[in-house]
Amino acid sequence: MKRDQLKFMAYYFCFFAGLSCILSYINVYLEKVQGFTGTQLGIYTSLTGLFPAFLIPAVGYLADKTGRHDIFLPAALGIQILFLALLPLQKHTAVIIAFGIMTEVARLSITSLADTRTTNFCMETKSNYGILRGTGSVGWLLFGILTGLIVEHSGSWSAIFPLSCGITLMAFFTALTFPKKKNTVKAASFLSIHDVKLLLKSRSYLLIILLSIQATVTTDTILSYIGNHLAVTLNAGASSLSLHTVFCIIPEIITLPLASHLLPKLGHKKCYLISCICLIIRFFIYAAAPSVGIFMFGSLLQGVTLCCFTVVNLSFLKKTVIPSLFNTAVTLSFSAAALGRALLAFTFGQLYQYAGSYSIFWFVLILQIPVTIIVWRTKLLD
């Protein structure tokens with residue numbers, strides 16, 4: 001079992017290390033190298049979220065239908081590596097967006113497939129999901145810093161692509177060694193109309209969908225524009241993105257392993273409420289920060305959001321959804337999160353171009369207040 005745990009830990013380390021080379025830097029690359037405007041950045045971020053929202057369920061359906069999750073995960077990793085390697089060679093905006101879409105479809109499919117497989121492994125072996133997933137934060141920290149330093153010293157924003165592909169290739173080979181699934185629960189027909197109706201009748205599940213959208217917008221989508229805010233609005237160098245990575249990830253490394261221990265004591269509702277309050281504080285600091293130094297303090301709170309989006313979300317779904325619908329519930333939540341990201345990403349691009357990057361943080365802060373009130377007042381999470 002320890003050997004299998006190390007495989008999952010190595011996978012998460014390499015996968016998130018590869019992501020850290022891209023997610024924080026891709027929008028800056030598009031603006032500085034490809035000459036994208038704020039509107040074009042919004043279109044890119046929106047469309048790369050919109051298409052995965054509809055394609056991820058198809059990937060999940062085929063994986064469940066064939067029972068070959070062991071093939072689908074490495075295949076998705078291979079597709080991500082391929083399109084990331086080819087993206088910087090493209091010069092036309094439409095082609096760049098198309099390659100970005102394929103990369104995001106692969107990335108979000110990977111996340112769904114890997115999290116489902118890891119959760120099942122943890123349930124079978126009584127392993128701590130937070131510890132396994134926490135190594136991903138370590139990988140993100142180390143390579144997030146390294147990427148900023150490489151870009152700073154080389155002067156090339158295009159360096160993010162070979163660096164990301166190289167480390168993700170290691171995740172690909174690690175995924176090939178995952179243990180075979182031992183769970184004997186027969187999966188339902190993935191995302192059938194009947195399954196979707198069952199899930200959507202649950203108000204608690206609909207609330208989880210809302211919280212998944214919230215978490216995705218405040219981590220993935222905002223992260224894309226934070227790079228532009230630091231490098232363009234605040235006129236900081238690429239090394240500032242490395243520093244931002246440190247402030248984001250060190251709290252994650254601490255909170256992820258603790259989340260599984262604190263969750264039974266606090267309960268799901270208190271965990272979500274703490275996350276919502278931390279988001280309000282975080283984005284108020286972002287919106288009011290006049291300098292890079294003050295801005296970084298808000299990033300210390302990202303780890304709490306990530307814990308809720310991973311450990312708490314998966315735990316809540318595992319406890320409230322029947323086993324045959326668990327894969328359906330996870331993938332549907334990822335699809336909804338991708339759709340929410342797509343809808344808001346274009347708005348962020350417009351705000352960035354016409355009102356400046358500070359307006360994005362004020363916008364998210366205002367949206368967060370009613371979500372926090374809903375979590376505070378509801379009994380669905382008790």
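For this chain, numbers begin at 1 and follow the sequence in order. Computed from a predicted structure; not experimentally measured.
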* Kindly work out whether a path of hydrophobic side-chain contacts (I/L/V/M/F/W/Y, heavy atoms less than 4.5 Å apart) joins Ile71 to Leu73. => no
* Structure fact -> Residue set satisfying side-chain contact (heavy atoms from CB on, under 4.5 Å) with Val138, at least two apart, ordered chain then number -> Phe13, Leu142, Ile253
* To do: Would you mind listing every side-chain hydrogen bond (donor to acceptor under 3.5 Å, both in side chains) that reaches into residues 353-368, with sequence neighbours excluded?
  => Thr39-Gln353, Gln214-Gln368, His229-Ser357, Thr233-Ser357, Gln368-Thr372
* How close do Ile213 and Ala337 get, heavy atom to heavy atom, and via which atoms? -> CG1-CA, 3.9 Å
* salt bridge (Lys or Arg N to Asp or Glu O under 4.0 Å): which pairs involve residues 72-94, sequence neighbours left out? -> none
* Asked: Does the side chain of Lys2 come within less than 4.5 Å of Thr125's, by heavy atoms?
  -> no
* Can you tell me if CZ on Phe284 sees more than 12 non-hydrogen neighbours from other groups inside 6.0 Å? -> no
* Asked: Hey, does Leu211 have a side-chain heavy atom less than 4.5 Å from the side chain of Val375?
  -> yes
* Residue list, salt bridge (Lys or Arg N to Asp or Glu O under 4.0 Å) with Lys7, at least two apart or on another chain -> Asp4
* **Sequence neighbours excluded, every pair satisfying side-chain hydrogen bond (donor to acceptor under 3.5 Å, both in side chains) that has a member inside residues 93-107** => Glu104-Arg107, Glu104-Arg341, Arg107-Asp220
* Side chains of Ser156 and Val151 in contact at under 4.5 Å (non-hydrogen atoms) -> no
* To do: Only pairs at least two apart or in different chains count here, so list each salt bridge (Lys or Arg N to Asp or Glu O under 4.0 Å) that has a residue in residues 145-162.
  => none
* Asked: According to a 4.5 Å side-chain heavy-atom criterion applied to Ile, Leu, Val, Met, Phe, Trp and Tyr, with indirect links allowed, do Val371 and Ile366 form part of one hydrophobic cluster?
  -> no
* Asked: Centres of the Phe361 and Tyr225 rings: under 6.0 Å?
  -> no
* Asked: If you look only at pairs with a residue in residues 300-309, which of them pass as a salt bridge (Lys or Arg N to Asp or Glu O under 4.0 Å), with sequence neighbours excluded?
  -> none
* To do: Can you tell me which residue pairs pass the salt bridge (Lys or Arg N to Asp or Glu O under 4.0 Å) test with a partner in residues 253-270, sequence neighbours excluded?
  => none
* Could you pull out all residues at least two apart from Tyr11 that satisfy ring-ring contact (aromatic ring centres under 6.0 Å, His included)? => Phe15, Phe178
* Please, which pairs that meet side-chain hydrogen bond (donor to acceptor under 3.5 Å, both in side chains) have at least one residue in residues 72-83, sequence neighbours excluded? -> none
* Using the ring pair (Phe, Tyr, Trp, His ring centres under 6.0 Å) rule, collect all pairs that involve residues 70-92, keeping only residues at least two apart or in two chains. => Phe83-Phe99
* Set of residues satisfying side-chain contact (heavy atoms from CB on, under 4.5 Å) with respect to Ser46, sequence neighbours excluded -> Ala342, Ala345, Phe346
* If you draw a 6.0 Å radius around CZ in Phe51, do more than 12 non-hydrogen atoms from other residues or ligands fall strictly inside? -> no
* Do other residues, nucleotides or ligands put more than 12 heavy atoms under 6.0 Å from the CE atom of Met170? -> no
